[in-house]
Amino acid sequence: MEKIIIKGGQKLKGTVKISGAKNSALPILAASLLSEETSIIENVPRLRDINTMKKLLESLGVKVNFEGNSVRVEPGNFVGYEAPYEFVSTMRASICLLGPLLARQRKARISLPGGCVIGTRPIDLHLKGLAALGADIDIRHGYIIARAEQLSGNDNIYLGGPFGSSVLATCNVMMAAVLARGETVIENAACEPEVLDLANFLTKMGAKIKGAGSHRIIIKGVNELKGAKHRIMPDRIETGTYMIAAAITGGNINIVNANLRHISAIADRLKQAGVEIIKIDKKIKVRVKDPIRPVDVTTLPYPGFPTDMQAQMTALMSVTEGISVITEKVFPRRFLHVSELIRMGCRVYLEGSSAIINGIKRLSGAQVMASDLRASAALVLAGLVAEGQTVISRVYHLDRGYERMEEKLAGLGANIKRVKR
Ligand code: UD1
C-alpha cells in the first residue's frame with residue numbers, strides 16, 4: 001500500500017502547471033459515446049478516475065487510446081449499455097453514462113452508486129430529468145434500468161432538490177436531450193464551468209444548446225452528432241488547492257494553465273485572509289507577506305465557494321490563529337478530514353454542518369489516513385506546514401483527482417515523497 005511522507009516547514013516557491021479538469025473530462029468522455037465517429041479529447045489528466053472511465057468505455061466495446069494527455073475515443077457501433085457495480089462503486093461519476101447510453105443505445109443498466117463517505121448522495125434528480133424526457137426507469141437488484149425507444153424533448157424540466165441544482169444530473173439530462181426529438185428546457189440547471197465545457201464539446205459535435213453556464217439551458221434535439229476535437233478546461237479545484245498550498249506555507253508561487261475567472265470565490269476568501277493574488281500575463285501569482293487572518297466560509301453551488309475546496313480551506317484555517325467558521329451547504333456531512341486533522345493538533349469542533357476552528361500556530365506531524373479525495377488533499381496541505389513528519393496512508397484517494405501531486409509539490413520545494421510499503 002502506497003503512502004505519502006511529508007516533512008513540513010518548506011515555503012513553496014516556483015511555478016506549477018495545472019492539469020485538465022477531472023470533473024469536465026469525465027462527462028466529456030461519456031459524451032463522446034453520442035456519436036459513432038471518433039473524438040479527440042486533449043488536456044485529459046492522467047488520474048485513477050479517468051482510468052476507471054477508460055475501462056468502463058472499453059467494457060462497452062469502445063476503443064480508447066491515450067497518447068500523453070490526449071485521448072482518442074472511437075465508439076463506432078459499440079454494443080454495451082451497462083455500467084456494473086465494480087466500476088460504479090469505485091467512481092460515482094460513472095452515473096454520467098446514463099444519459100449518453102440512453103440516447104445512443106435506447107437502454108442503460110447502471111449500478112446504483114449507493115452512499116459514500118461524504119453523505120447519502122441521492123440520484124433522484126438524474127432519474128426525474130430523464131423520466132421527463134420519456135425514459136422508462138426501473139430500479140431492480142441494485143441497478144437503474146432505463147429504456148426509451150425515442151427520447152422526447154420537454155420544455156420544463158426543473159432540476160432542483162433540497163440542496164439546489166445537481167452538476168451531473170444537469171450533464172446527464174443535457175446529454176440525453178441533444179438527441180431527443182424536439183426542444184428541452186432545463187430550469188435550475190447547474191451552472192458550474194464544467195457544465196459549460198461539456199456543452200461546448202457537445203456543440204462541436206453538432207448539438208444545439210443555448211444558455212449553458214446559466215440556470216436555464218435550452219436544447220434543440222438533432223438526429224445525429226459527429227465526432228469532435230476538444231481541449232478540457234483547467235482544473236479549478238487543483239488550482240485552488242495549489243493556491244492554498246502557497247498560502248499555508250507562506251510561499252510565493254506562480255500558477256500557469258489556470259483560469260482565475262473560475263475561482264473567484266476561492267480567490268475572494270483567500271484575499272480576505274490576506275493572501276496576495278495577482279494575474280500577470282498568463283500567470284496567477286500567489287504570495288503571502290503578512291500572517292494569514294481567519295475567514296468564514298460557506299460552501300455553495302457555483303459561483304459560490306466550492307464544496308470540493310472545503311477540506312483544504314479547513315486545513316488552512318487550522319493553522320491561522322483566531323476563530324473561523326466553515327459551513328458546508330452542499331454535502332452537510334462532508335467533514336471526515338476533521339478527525340484526522342485533530343490527530344495533527346487541529347482545534348476544531350463540529351456543530352451541525354459547520355466546523356468551528358480555533359486556529360493555532362503549528363500542527364504536529366502524525367500518521368493519518370485519507371478518507372476521500374479532497375480530504376486527502378487537506379491532509380497533504382496540513383503536512384506541508386506541520387512540525388516533523390506526516391505519513392498519509394490510503395493515498396489512492398488522492399490519485400483519483402490530483403495528477404502527480406507529490407511531484408508538483410516537490411517541484412515547488414516541498415519535502416514530500418511517495419513510498420511503497
Ligand atoms: C459533482 C462533482 C463533485 C462535487 C459536486 C458538487 C463531478 C464528477 N463531481 O458531483 O466533485 O463535489 O458536483 O459540486 O463532477 N443531489 C440530490 N439529488 C440528485 C443529485 C444530487 O439531492 O439526484 C444533491 C446532492 O446530495 C448534493 C447536491 O445535490 O447535496 C449537489 O450534488 P451534485 O451536484 O449532484 O454532485 P455531483 O454532480 O454528483
Side-chain angles (χ1 to χ4, degrees), residues 20-31 44-45 47-50 52-53 56 87-88 90-99 110 112-132 137 139 144 157-175 186 188-198 215 232-233 235-238 240-241 262-263 265-266 298-313 327-337 353 372-377 397 400-402:
K22 165 182 89 76
N23 287 354
S24 171
L26 290 172
I28 285 178
L29 285 170
V44 177
L47 300 169
R48 243 179 96 222
D49 274 10
I50 298 291
T52 304
M53 180 56 87
L56 247 169
F87 291 115
V88 184
T90 58
M91 184 181 72
R92 285 187 52 90
S94 316
I95 187 84
C96 68
L97 282 166
L98 184 55
I110 312 264
L112 277 167
C116 78
V117 289
I118 66 175
T120 46
R121 299 189 74 172
I123 52 150
D124 55 313
L125 297 175
H126 299 249
L127 305 186
K128 174 172 127 179
L130 295 171
I137 295 170
I139 308 259
I144 306 159
I157 303 184
Y158 182 75
L159 281 189
F163 296 102
S165 51
S166 157
V167 178
L168 288 180
T170 303
C171 293
N172 254 331
V173 175
M174 193 161 69
M175 290 188 281
I186 307 175
N188 200 27
C191 53
E192 269 68 2
E194 292 79 8
V195 175
L196 179 57
D197 207 22
L198 170 65
H215 286 305
I232 299 290
M233 60 173 259
D235 195 308
R236 63 194 169 99
I237 305 303
E238 191 194 20
T241 303
H262 291 164
I263 50 164
I266 304 166
T298 299
T299 67
L300 287 169
Y302 190 82
F305 190 93
T307 171
D308 286 352
M309 284 298 301
Q310 182 258 108
Q312 300 88 316
M313 199 66 185
T327 303
E328 178 53 72
K329 292 261 189 191
V330 180
F331 295 112
R333 287 175 45 204
R334 189 176 200 172
F335 283 110
L336 274 180
H337 46 284
S353 58
D372 75 55
L373 167 55
R374 306 304 169 185
S376 41
H397 287 293
R400 283 191 42 221
Y402 288 92

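For ligands, and for the atoms within them, numbers begin at 1 and follow the listed sequence.
A donor-acceptor pair under 3.5 Å links the side-chain atoms of N172 to the main chain of G99, judged by distance alone. In this structure, D197 contributes its side chain and S24 its backbone to no donor-acceptor pair below 3.5 Å.
Annotation: side chain of V167 is not in contact with side chain of N23 (no heavy-atom distance under 4.5 Å).
Remark: ligand 1 and E192 share no N or O pair separated by less than 3.5 Å (distance only, no angle test). Ligand 1 has no N or O atom lying under 3.5 Å from any N or O atom of K22, backbone or side chain. At a 3.5 angstrom cut-off on N or O pairs, F331 does not count as close to ligand 1.
Within a 6.0 Å sphere centred on NZ of K128, other residues, nucleotides and ligands contribute more than 12 heavy atoms.
The side-chain hydrogen bond (donor to acceptor under 3.5 Å, both in side chains) search around E328 returns T299, T307, Q310, not counting sequence neighbours. For T52, the side-chain hydrogen bond (donor to acceptor under 3.5 Å, both in side chains) criterion is met by no residue, not counting sequence neighbours.
Of the candidates C96, A169, P122, P113, it is P122 that places a heavy atom closest to atom 20 (C) of ligand 1.
Listed by atom number, the atoms of ligand 1 under 4.0 Å from A93 heavy atoms are 8 (C). Atoms of ligand 1 lying under 4.0 Å from at least one heavy atom of H126, given by number and element, are 23 (O). Residue-ligand proximity, V330 to ligand 1, at heavy-atom distances under 4.0 Å covers atoms 27 (C), 30 (O), 31 (C). Taking every heavy atom of T307 and a limit of under 4.0 angstrom, the matching atoms of ligand 1 come to 6 (C), 12 (O), 14 (O).
A donor-acceptor contact under 3.5 angstrom links the side chains of R374 and Y402, judged on distance only.
Counting heavy atoms under 4.0 Å from ligand 1, residue D308 touches it through the side chain alone. In R334, the part holding a heavy atom less than 4.0 Å from any atom of ligand 1 is the side chain.
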